[in-house]
Trainee: 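Encoded as C-alpha coordinates, here's the structure I'll be asking about.
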Amino acid sequence: MMESPAQVLAARLIAMQWLPRKDEQVMLLITDEIFREDVLARLKSCGLCLLENPFAENVAIGLDESSTQAVMGRDTNYISNTFGLRQDAMALLVILWALLIIPKRQKQLNASADETDDQMEFFPSAKLVSQGEIDRPAVKLNALVSDFGGKLAKKQRIKLNLGQLKRLGFVSQHNELITEGPLLDLAFDYKHMASRIIEGALADILQDSAHNPEAEDDLDVLEVDNV
(Lines give C-alpha, C1' and ligand atoms only; values in the text may rest on other atoms or scores of the structure.)
Protein backbone atom coordinates (compact mmCIF):
# COMPACT_ATOMS: atom_id res chain seq x y z
CA MET A 1 0.00 0.00 0.00
CA MET A 2 1.35 3.43 -0.94
CA GLU A 3 1.96 5.74 1.99
CA SER A 4 -0.02 8.96 2.07
CA PRO A 5 1.82 12.30 2.35
CA ALA A 6 0.33 12.81 5.82
CA GLN A 7 1.58 9.40 6.93
CA VAL A 8 5.04 10.19 5.59
CA LEU A 9 5.24 13.54 7.39
CA ALA A 10 3.98 12.03 10.65
CA ALA A 11 6.62 9.32 10.36
CA ARG A 12 9.34 11.86 9.57
CA LEU A 13 8.41 13.94 12.61
CA ILE A 14 8.50 10.89 14.85
CA ALA A 15 11.81 9.72 13.43
CA MET A 16 13.55 13.12 13.24
CA GLN A 17 11.84 14.73 16.27
CA TRP A 18 11.90 18.14 14.59
CA LEU A 19 11.79 19.56 11.08
CA PRO A 20 12.42 23.10 9.76
CA ARG A 21 9.40 25.21 8.87
CA LYS A 22 10.86 25.72 5.39
CA ASP A 23 10.58 21.96 4.72
CA GLU A 24 8.19 21.42 1.80
CA GLN A 25 5.86 19.10 3.71
CA VAL A 26 5.93 21.32 6.82
CA MET A 27 4.96 24.32 4.70
CA LEU A 28 2.02 22.28 3.39
CA LEU A 29 1.15 21.40 6.98
CA ILE A 30 0.97 25.10 7.81
CA THR A 31 -1.05 26.19 4.77
CA ASP A 32 -3.32 23.21 3.97
CA GLU A 33 -6.00 22.68 6.62
CA ILE A 34 -7.10 19.25 5.36
CA PHE A 35 -3.53 17.96 5.22
CA ARG A 36 -2.88 19.42 8.67
CA GLU A 37 -5.87 17.69 10.22
CA ASP A 38 -4.78 14.38 8.70
CA VAL A 39 -1.26 14.73 10.14
CA LEU A 40 -2.53 15.80 13.57
CA ALA A 41 -4.93 12.86 13.69
CA ARG A 42 -2.11 10.41 12.88
CA LEU A 43 0.09 11.92 15.58
CA LYS A 44 -2.74 11.86 18.12
CA SER A 45 -3.36 8.18 17.41
CA CYS A 46 0.20 7.61 18.70
CA GLY A 47 -0.35 9.81 21.76
CA LEU A 48 1.60 12.70 20.24
CA CYS A 49 0.90 16.31 19.30
CA LEU A 50 2.50 18.96 17.12
CA LEU A 51 4.66 21.62 18.78
CA GLU A 52 4.85 24.85 16.81
CA ASN A 53 4.50 28.58 16.88
CA PRO A 54 4.94 31.20 14.15
CA PHE A 55 8.12 32.54 15.74
CA ALA A 56 10.02 29.25 15.84
CA GLU A 57 12.20 28.13 12.94
CA ASN A 58 11.17 24.50 13.42
CA VAL A 59 8.23 22.30 14.32
CA ALA A 60 8.48 19.30 16.62
CA ILE A 61 6.40 16.67 18.37
CA GLY A 62 5.56 16.14 22.01
CA LEU A 63 3.24 14.12 24.23
CA ASP A 64 -0.45 14.77 23.75
CA GLU A 65 -2.21 15.86 26.96
CA SER A 66 -4.36 12.72 26.88
CA SER A 67 -1.21 10.57 27.06
CA THR A 68 0.81 12.56 29.57
CA GLN A 69 -0.44 10.87 32.73
CA ALA A 70 -0.06 7.36 31.32
CA VAL A 71 3.48 8.01 30.10
CA MET A 72 4.84 10.41 32.69
CA GLY A 73 2.84 9.76 35.85
CA ARG A 74 4.21 6.43 36.87
CA ASP A 75 6.35 7.63 39.78
CA THR A 76 7.54 10.69 41.66
CA ASN A 77 9.57 11.86 38.64
CA TYR A 78 6.44 13.13 36.89
CA ILE A 79 7.77 16.67 36.66
CA SER A 80 10.80 15.37 34.76
CA ASN A 81 10.50 15.10 31.01
CA THR A 82 10.75 12.36 28.42
CA PHE A 83 14.45 13.10 27.93
CA GLY A 84 15.25 11.96 31.45
CA LEU A 85 16.79 15.27 32.48
CA ARG A 86 17.78 15.64 36.12
CA GLN A 87 16.41 18.50 38.18
CA ASP A 88 19.53 20.65 37.78
CA ALA A 89 19.54 20.06 34.01
CA MET A 90 15.87 21.09 33.83
CA ALA A 91 16.69 24.23 35.82
CA LEU A 92 19.48 25.04 33.37
CA LEU A 93 17.09 24.50 30.47
CA VAL A 94 14.58 26.96 31.95
CA ILE A 95 17.30 29.56 32.54
CA LEU A 96 18.67 29.27 29.01
CA TRP A 97 15.16 29.45 27.58
CA ALA A 98 14.58 32.64 29.56
CA LEU A 99 17.89 34.23 28.52
CA LEU A 100 17.78 33.21 24.85
CA ILE A 101 14.12 33.02 23.85
CA ILE A 102 12.40 35.79 25.81
CA PRO A 103 14.63 38.62 24.48
CA LYS A 104 14.30 37.25 20.94
CA ARG A 105 10.52 36.95 21.27
CA GLN A 106 10.21 40.50 22.51
CA LYS A 107 12.09 41.69 19.42
CA GLN A 108 9.81 39.59 17.22
CA LEU A 109 6.69 40.99 18.86
CA ASN A 110 7.98 44.53 18.40
CA ALA A 111 8.86 43.84 14.78
CA SER A 112 5.43 42.36 14.16
CA ALA A 113 3.74 45.38 15.73
CA ASP A 114 5.72 47.71 13.47
CA GLU A 115 4.67 45.79 10.35
CA THR A 116 0.91 45.95 10.88
CA ASP A 117 -1.65 48.53 11.98
CA ASP A 118 -4.12 45.81 12.92
CA GLN A 119 -4.63 44.73 16.50
CA MET A 120 -1.99 42.07 17.18
CA GLU A 121 -2.92 38.75 18.73
CA PHE A 122 -0.59 37.15 21.25
CA PHE A 123 0.70 34.82 18.53
CA PRO A 124 0.52 36.82 15.28
CA SER A 125 0.18 35.11 11.94
CA ALA A 126 3.29 33.59 10.43
CA LYS A 127 3.40 36.15 7.64
CA LEU A 128 4.15 38.88 10.20
CA VAL A 129 7.25 37.12 11.48
CA SER A 130 10.62 37.24 9.78
CA GLN A 131 12.86 34.93 11.80
CA GLY A 132 15.97 35.69 9.74
CA GLU A 133 15.80 39.39 10.55
CA ILE A 134 15.88 38.86 14.31
CA ASP A 135 19.31 38.71 15.97
CA ARG A 136 19.84 35.67 18.14
CA PRO A 137 20.83 36.41 21.73
CA ALA A 138 23.82 34.55 23.12
CA VAL A 139 24.98 33.68 26.63
CA LYS A 140 28.62 33.37 27.66
CA LEU A 141 29.43 30.20 29.57
CA ASN A 142 31.50 32.06 32.17
CA ALA A 143 28.66 34.53 32.76
CA LEU A 144 26.22 31.64 33.13
CA VAL A 145 28.45 30.00 35.74
CA SER A 146 29.03 33.32 37.53
CA ASP A 147 25.34 34.19 37.73
CA PHE A 148 23.89 30.76 38.46
CA GLY A 149 26.74 28.51 39.59
CA GLY A 150 25.79 28.80 43.23
CA LYS A 151 22.21 27.76 42.54
CA LEU A 152 22.56 25.21 39.74
CA ALA A 153 25.79 23.36 40.46
CA LYS A 154 29.53 23.74 40.10
CA LYS A 155 31.00 24.66 36.74
CA GLN A 156 31.82 21.06 35.81
CA ARG A 157 28.24 19.96 36.47
CA ILE A 158 26.87 22.88 34.47
CA LYS A 159 29.11 21.90 31.56
CA LEU A 160 27.90 18.31 31.75
CA ASN A 161 24.26 19.40 31.74
CA LEU A 162 24.98 21.81 28.93
CA GLY A 163 26.43 18.95 26.91
CA GLN A 164 23.23 16.97 27.41
CA LEU A 165 21.08 19.91 26.32
CA LYS A 166 23.26 20.27 23.22
CA ARG A 167 22.85 16.59 22.32
CA LEU A 168 19.09 16.89 22.70
CA GLY A 169 18.98 19.90 20.37
CA PHE A 170 17.98 22.54 22.90
CA VAL A 171 21.12 24.66 22.59
CA SER A 172 24.12 25.15 20.34
CA GLN A 173 27.58 26.25 21.44
CA HIS A 174 30.50 27.89 19.67
CA ASN A 175 33.52 28.17 21.95
CA GLU A 176 32.20 30.02 25.02
CA LEU A 177 29.00 31.33 23.42
CA ILE A 178 25.72 29.48 23.89
CA THR A 179 22.82 30.07 21.49
CA GLU A 180 19.45 28.42 20.94
CA GLY A 181 19.22 25.04 19.28
CA PRO A 182 16.39 23.84 17.03
CA LEU A 183 14.15 22.74 19.92
CA LEU A 184 14.65 25.47 22.52
CA ASP A 185 11.94 27.75 21.18
CA LEU A 186 9.48 24.87 21.45
CA ALA A 187 10.56 23.64 24.88
CA PHE A 188 7.98 25.69 26.78
CA ASP A 189 4.72 27.51 26.09
CA TYR A 190 5.79 31.15 25.88
CA LYS A 191 2.31 32.42 26.70
CA HIS A 192 2.30 30.66 30.06
CA MET A 193 5.98 30.75 30.99
CA ALA A 194 7.23 34.19 30.01
CA SER A 195 5.23 36.28 32.47
CA ARG A 196 6.13 34.00 35.36
CA ILE A 197 9.82 34.30 34.55
CA ILE A 198 9.86 38.01 33.71
CA GLU A 199 8.00 38.89 36.91
CA GLY A 200 9.84 36.29 38.99
CA ALA A 201 13.32 35.43 40.15
CA LEU A 202 15.04 36.02 36.81
CA ALA A 203 13.65 39.49 36.24
CA ASP A 204 16.80 41.38 37.28
CA ILE A 205 19.14 39.18 35.26
CA LEU A 206 16.97 39.39 32.15
CA GLN A 207 16.91 43.15 32.46
CA ASP A 208 20.70 43.29 32.80
CA SER A 209 21.24 41.04 29.76
CA ALA A 210 18.93 43.20 27.68
CA HIS A 211 21.24 46.17 28.28
CA ASN A 212 24.49 44.28 27.75
CA PRO A 213 25.82 44.87 24.20
CA GLU A 214 28.81 42.57 24.72
CA ALA A 215 26.97 39.40 23.71
CA GLU A 216 25.57 41.07 20.58
CA ASP A 217 29.09 42.09 19.53
CA ASP A 218 30.24 38.48 19.89
CA LEU A 219 27.44 37.34 17.59
CA ASP A 220 29.14 39.07 14.67
CA VAL A 221 31.80 36.36 14.63
CA LEU A 222 29.53 33.51 15.73
CA GLU A 223 28.92 30.70 13.29
CA VAL A 224 25.69 29.15 14.56
CA ASP A 225 25.28 25.40 14.08
CA ASN A 226 22.18 23.46 15.09
CA VAL A 227 23.12 20.43 17.16
Side-chain angles (χ1 to χ4, degrees), residues 12-23 26 48-63 68 71-72 77-108 131 134-145 147-149 151-153 155-194 196-198 201-202 205-206 209 215 218-219 222-227:
R12 290 179 64 210
L13 284 167
I14 293 172
M16 303 300 294
Q17 189 181 355
W18 63 273
L19 290 170
R21 289 177 67 90
K22 62 183 180 182
D23 179 271
V26 174
L48 302 172
C49 66
L50 184 71
L51 303 178
E52 63 166 340
N53 69 64
F55 296 103
E57 295 180 75
N58 308 296
V59 299
I61 55 171
L63 280 177
T68 302
V71 176
M72 305 284 287
N77 293 322
Y78 180 86
I79 299 301
S80 183
N81 68 9
T82 53
F83 298 108
L85 294 174
R86 291 164 52 101
Q87 185 176 6
D88 55 352
M90 281 296 297
L92 178 60
L93 176 61
V94 172
I95 288 171
L96 288 173
W97 184 86
L99 295 175
L100 297 174
I101 299 301
I102 290 179
K104 184 189 74 169
R105 183 70 84 252
Q106 291 173 335
K107 290 182 180 180
Q108 290 171 318
Q131 175 73 27
I134 301 298
D135 294 332
R136 296 188 185 188
V139 176
K140 286 188 174 181
L141 177 58
N142 287 339
L144 185 68
V145 173
D147 289 337
F148 299 100
K151 299 178 180 64
L152 290 176
K155 182 175 182 178
Q156 188 61 29
R157 183 67 195 176
I158 290 177
K159 292 177 71 174
L160 288 174
N161 287 334
L162 184 60
Q164 187 176 10
L165 297 182
K166 288 165 58 179
R167 288 191 296 273
L168 292 172
F170 288 117
V171 297
S172 297
Q173 186 175 1
H174 181 84
N175 296 329
E176 289 292 303
L177 286 180
I178 304 165
T179 57
E180 68 170 290
L183 292 179
L184 187 62
D185 207 339
L186 301 169
F188 303 105
D189 186 337
Y190 183 88
K191 184 176 181 179
H192 292 95
M193 281 286 288
R196 298 178 184 179
I197 292 175
I198 293 173
L202 297 180
I205 293 175
L206 287 172
S209 65
D218 289 329
L219 284 177
L222 177 60
E223 184 177 333
V224 176
D225 58 335
N226 288 332
V227 177

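Sequence positions, counted from 1, serve as the residue numbers for this chain.
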Trainee: Minimum heavy-atom separation for Leu99 and Pro137, please, with both atom names.
Mentor: O-CB, 4.1 Å

Trainee: Side chains of Val145 and Lys159, heavy atoms from C-beta outward: is any pair under 4.5 Å?
Mentor: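 Not touching, per the 4.5 Å side-chain cut-off.
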
Trainee: For residues Arg167 and Gln164, is any side-chain donor paired with an opposing acceptor at under 3.5 Å?
Mentor: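 Short answer, no.
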
Trainee: If you define the side chain from C-beta out and look only at heavy atoms, does anything of Ile95 sit under 4.5 Å from Asp147?
Mentor: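 Ile95 does not reach Asp147 side chain to side chain.
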
Trainee: Determine whether a donor-acceptor pair (N or O, by modelled atom type, separation under 3.5 Å) exists between the side chain of Arg21 and the backbone of Asn53.
Mentor: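 Yes, because the side chain of Arg21 sits within donor-acceptor range (under 3.5 Å) of the backbone of Asn53.
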
Trainee: Flag the pair Leu93 / Phe188 as yes when at least one side-chain heavy-atom distance between them is below 4.5 Å, and no otherwise.
Mentor: yes

Trainee: Report the residues that fulfil salt bridge (charged side-chain N to carboxylate O under 4.0 Å, His left out) with Asp23, sequence neighbours left out, ordered by chain and then residue number.
Mentor: Arg12

Trainee: Say you draw a straight line from CG of Asn142 to NZ of Lys155; how long is it, rounded to the nearest 0.5 Å?
Mentor: 4.5 Å

Trainee: Just by distance, do the side chain of Asn58 and the backbone of Pro182 share a donor-acceptor pair under 3.5 Å?
Mentor: yes

Trainee: Can you tell me how far CD of Gln17 sits from CD1 of Ile61, rounded to the nearest 0.5 angstrom?
Mentor: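 CD of Gln17 is found 7.0 Å from CD1 of Ile61.
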
Trainee: For the pair Tyr190 and Trp97, name the ring-plane relationship: parallel under 30°, tilted 30 to 60°, perpendicular over 60°.
Mentor: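 The arrangement is tilted - the two ring planes meet at 30° to 60°.
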
Trainee: Report the C-alpha distance between Leu177 and Lys140 in whole Å, list the side-chain angles of each, state the deciding distance to 0.1 Å, and finish with yes or no for side-chain contact (heavy atoms from CB on, under 4.5 Å).
Mentor: CA-CA 5 Å; Leu177 286 180; Lys140 286 188 174 181; 3.5 Å; yes

Trainee: Hey, are Asp88 and Arg86 close enough for a salt bridge, meaning a charged N less than 4.0 Å from a carboxylate O?
Mentor: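 Salt bridge: yes.
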
Trainee: Taking the side chain as every heavy atom from C-beta outward, state whether Met193 and Ile102 have any pair of such atoms under 4.5 Å apart.
Mentor: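 Sidechains of Ile102 and Met193: no contact.
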
Trainee: I would like to know whether Leu96 and Phe170 meet side-chain contact (heavy atoms from CB on, under 4.5 Å); could you show each step before the answer?
Mentor: CA-CA 9 Å; Leu96 288 173; Phe170 288 117; over 6 Å; no

Trainee: Please identify each residue that fulfils side chain to side chain contact (heavy atoms under 4.5 Å, CB included) with Met16, with sequence neighbours left out.
Mentor: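 Listed in chain order: Leu19.
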
Trainee: Decide yes or no for Gln108 and Arg105: does some side-chain heavy atom of the first lie under 4.5 Å from some side-chain heavy atom of the second?
Mentor: yes

Trainee: Between Asp185 and Glu57, is there a side-chain heavy-atom distance shorter than 4.5 Å?
Mentor: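 Answer no - side chains too far apart.
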
Trainee: So, do Leu168 and Leu85 sit near enough that their side-chain heavy atoms are less than 4.5 Å apart?
Mentor: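 With C-beta onward as the side chain, the pair touches.
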
Trainee: Between Leu186 and Ala56, which heavy-atom pair has the shortest distance, and what is it?
Mentor: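 Of all heavy-atom pairs spanning Leu186 and Ala56, the closest is CD2-CB, 3.8 Å.
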
Trainee: Just do the side-chain contact (heavy atoms from CB on, under 4.5 Å) check on Thr179 and His174 with the steps written out, would you?
Mentor: CA-CA 8 Å; Thr179 57; His174 181 84; over 6 Å; no

Trainee: Is it true that, when you exclude Glu176 itself, more than 12 heavy atoms of the residues, nucleotides or ligands shown sit nearer than 6.0 Å to its CD?
Mentor: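 Yes - once you tally the heavy atoms of other residues, nucleotides and ligands closer than 6.0 Å, there are more than 12.
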
Trainee: With a 4.5 Å limit on heavy-atom distance, are the side chains of Leu183 and Leu51 in contact?
Mentor: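 The answer is no, as the side chains (C-beta and beyond) never meet within the 4.5 Å cut-off.
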
Trainee: Looking only at non-hydrogen atoms, find the nearest pair between Leu100 and Ile178 and report the distance.
Mentor: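 Taking every non-hydrogen atom into account, CD2-O, 3.7 Å.
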
Trainee: With rounding to the nearest 0.5 Å, note down the distance linking CG in Leu160 to CG in Leu92.
Mentor: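 The CG atom of Leu160 sits 11.0 Å away from the CG atom of Leu92.
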
